[in-house]
Amino acid sequence: MNNKIVVKVYPDKEQAAKEIAAEIAALIRARAAEGREAVLGLATGSTPIVLYKELIRLHKEEGLSFKNVTSFNLDEYYGLPGTHDQSYRYFMNTELFDHVDIDKAKTHVPDGTVPADKVGEMCAKYDADIKAAGGIDIQILGIGRTGHIGFNEPPCAADTRTHQVKLNELTIKDNARLFFHDKIDEVPTSAVTMGVGTILESRKIILLAWGDGKADIVRKSLMDAPSEMCPASWLQKHSDCVFAIDAAAAARL
Ligand code: F6R
């Protein structure tokens, strides 16, 4: 096995978020000094909220500008418009974009409302837009208890591109509990997600995981040989990937 993942264990998620936000801020400022864009890959879910809070603080208190930031989110539920309060576009607006000076025209989230026969075209354009922006500098990831990154549920090959996926039962259940007021019938059954291959093309990847609920899957992703049955394990093939995790998520390493 050729696992190059760097594991950083923090006492708590706030300290992890502080350090990662500082790294993102340094990238944004370095690019701004060169008159260039910083391209961020962003995730939704409960995990990155603490990071977005710190980025907002850096904007409000330390003058960090997002004017030279282009962003690409990992995924979106299929069937939800950006105005739906459970859509990932809505999440990004309320948790980050509305609170900083980013140009929303440069923030990309897959479109969950395109008709079924146009999904393939939209996905191909998403990948092309990432390339045209120069590729992703830093991709932020969470991890699902199935081992999914983005919404790439197992089994998932390492070379998948942005595509439509069916959501796994456990993911639907977790999402109902966390986000859909426990109403399992309201959770969409499919989503559009960047593929694992798309994610692996990012120059740097930072996966975040907090709490003991993630300890088993963190262990599996780091310790088992890369396989379709744990999409996050493909990250072992990346040459600049960090797992930034709290002590509870690291408990089984
Ligand atoms: C969200 C995403 C998912 C989440 C994962 C963990 O954009 O791509 O892979 O990162 O489901 O979700 P939380 O953070 O809610 O535990």
Side-chain angles (χ1 to χ4, degrees), residues 1-13 15-17 19-20 41-51 73-75 88 136 138-163 165-179 187 189-191 193-253:
M1 185 168 60
N2 192 16
N3 184 351
K4 304 181 208 98
I5 297 176
V6 173
V7 182
K8 291 191 184 168
V9 182
Y10 297 85
D12 55 53
K13 61 183 178 185
Q15 291 189 51
E19 197 172 302
I20 296 158
L42 299 174
T44 61
S46 53
T47 305
I49 291 176
V50 62
L51 172 65
N73 260 79
L74 285 166
D75 42 17
Y88 284 173
I136 290 170
I138 297 181
Q139 173 67 57
I140 300 298
L141 297 177
I143 182 169
R145 289 195 298 151
T146 57
H148 72 221
I149 48 175
F151 268 137
N152 296 286
E153 301 281 12
C156 178
D159 60 356
T160 49
R161 315 299 310 170
T162 300
H163 64 301
V165 281
K166 269 200 150 342
L167 298 181
N168 177 298
E169 286 299 315
L170 181 60
T171 301
I172 290 175
K173 224 157 68 198
D174 279 354
N175 285 353
R177 184 171 48 82
L178 291 170
F179 301 108
V187 184
T189 54
S190 81
T193 181
M194 269 187 211
V196 172
T198 318
I199 292 169
L200 288 174
E201 280 167 10
S202 311
R203 279 186 275 285
K204 175 160 193 174
I205 298 174
I206 305 177
L207 182 143
L208 314 175
W210 328 128
D212 58 3
K214 299 286 172 77
D216 282 332
I217 198 65
V218 162
R219 181 192 160 81
K220 212 166 148 29
S221 307
L222 287 168
M223 314 284 243
D224 289 3
S227 95
E228 300 205 333
M229 295 322 289
C230 179
S233 66
W234 292 126
L235 296 170
Q236 293 176 29
K237 296 192 167 297
H238 197 274
S239 56
D240 193 2
C241 176
V242 174
F243 275 31
I245 62 183
D246 68 2
R252 255 154 249 141
L253 297 180

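Along the sequence shown, residues are numbered consecutively beginning with 1. Heavy-atom basis, side chains included; hydrogens, waters and symmetry copies ignored.
Under the 4.0 Å criterion applied to side-chain N and carboxylate O atoms, D240 and R203 are not assigned as salt-bridge partners.
When the shell of 6.0 Å around CD of Q15 is examined, it contains more than 12 heavy atoms from other residues, nucleotides or ligands.
With hydrogens and angles disregarded, a donor-acceptor distance shorter than 3.5 Å links the side chain of N152 to the backbone of M194. Between the T146 side chain and the H148 main chain, a donor and an acceptor come within less than 3.5 Å of each other. The backbone N or O of S221 sits less than 3.5 Å from a side-chain atom of Q236, completing a donor-acceptor pair.
Between D246 and V9, every side-chain heavy-atom pair lies at or beyond the 4.5 Å cut-off. Annotation: side chain of N3 is not in contact with side chain of K237 (no heavy-atom distance under 4.5 Å). Between K8 and I245 the shortest side-chain heavy-atom distance does not fall below 4.5 Å. Residues F151 and Y88 are in side-chain contact: their nearest non-hydrogen atoms beyond the backbone lie under 4.5 Å apart. With a 4.5 Å cut-off on side-chain heavy atoms, E153 and T171 count as touching. At a threshold of 4.5 Å between non-hydrogen side-chain atoms, the residues K220 and I217 count as touching. Side-chain contact between I206 and L141 is absent, with no heavy-atom pair separated by less than 4.5 Å.
Paired with I205 under the rule side-chain contact (heavy atoms from CB on, under 4.5 Å), one option of I199, I149, I136, V242 passes, and it is I199.
Counting all heavy atoms, side chain and backbone alike, G142 lies closest to A43 at N-CB, 4.2 Å.
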